[in-house]
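Remember, it's a predicted structure, so these values are computed and weren't measured experimentally. Here is how names work: the chains are called A, B, and so on, in the same order as the sequence lines, proteins then strands, and each is numbered from 1.
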Amino acid sequence: DSKQGNILSFFKKV
Amino acid sequence: MLELRLVQGSLLKKVLESVKDLVTDANFDCSATGFSLQAMDSSHVALVALLLRSEGFEHYRCDRNLSMGMNLNNMSKMLKCAGNDDIITIKADDGSDTVTFMFESPTQDKIADFEMKLMDIDSEHLGIPEAEYHAIVRMPSAEFARICKDLSSIGDTVVISVTKEGVKFSTRGDIGTANIVCRQNTSVDKPEESTIIEMNEPVSLTFALRYMNSFTKATPLANSVTISLSSELPVVVEYKIAEMGYIRFYLAPKIED
């Protein structure tokens, strides 16, 4: 099974 | 004071059609560089980054950096009132809570202005680092759209794998499985019809087809699409906007539990 990744775990807020 | 005159107004219409189902509200940022937008979908799975460079506008006046919060569905409603051949001018005064879209017919015999209310949006701006990708695939945008549409009738996710054999799009669902392999093809006369695969190392990632299908709404903007894959990063699906900039969609992969 797979779960959906999240953009915020790759790109940080600036 | 902001005044941006875009002779090819249809580009802005197409941009809105390609993002309005992914993002509800977004800030459009205007600076000396250009007219840009960065926004995530409500579940933070996808991010869209748009740039229309100032040089691409016939007239570009932006006295100071301005961020305009817009409801994209409402903006789309207004831009749908512009003809495909119309020149579109975006106007806003400093401190105003409205933006005006002016539509001029090519023969100047019809001029319309639509004023839209702006909104305050708390948006998070994300830093997108320059990255080396394991593989970059350039292919006809219509071909990519067709593949995403076809696979979504079979399954919910697509596995995109790049090897030296080519790029493979696979899905599985209750009724069965599907695999579509596209090989490098540079022999065609028109460069926009070629498929070019640059691979530094093999890569295989799984994505939700619902998002991929949403990205393909940008197909009318460009003949080619570029898909950049890395096992450590969201995929980038990029449509170049002729002589003006780009629209890039970033999608976080599915991760094995």
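Looking at every heavy atom in both residues, I7(A) comes nearest to A46(B) through CG1-N, 3.7 Å. Listed here is the closest heavy atom pair of Q4(A) and P253(B): NE2-O, 3.6 Å. Here the closest heavy-atom approach between residue N6(A) and residue H44(B) is recorded as OD1-O, 3.1 Å.
For S43(B), the part sitting under 4.5 Å from any heavy atom of chain A is the backbone (N, CA, C, O) and nothing else. If you measure heavy-atom distances from K13(A) to chain B, the contacts under 4.5 Å come from both the backbone and the side chain.
More than 12 heavy-atom neighbours from other residues, nucleotides or ligands sit within 6.0 angstrom of NZ on K12(A). Residue-environment remark: CG (D94(B)) exceeds the threshold of 12 foreign heavy atoms within 6.0 Å. Within a 6.0 Å sphere centred on CG of D156(B), other residues, nucleotides and ligands contribute 12 heavy atoms or fewer.
Contact of the F10(A) side chain with the Y250(B) side chain is not registered, since no non-hydrogen atoms from C-beta on lie closer than 4.5 Å.
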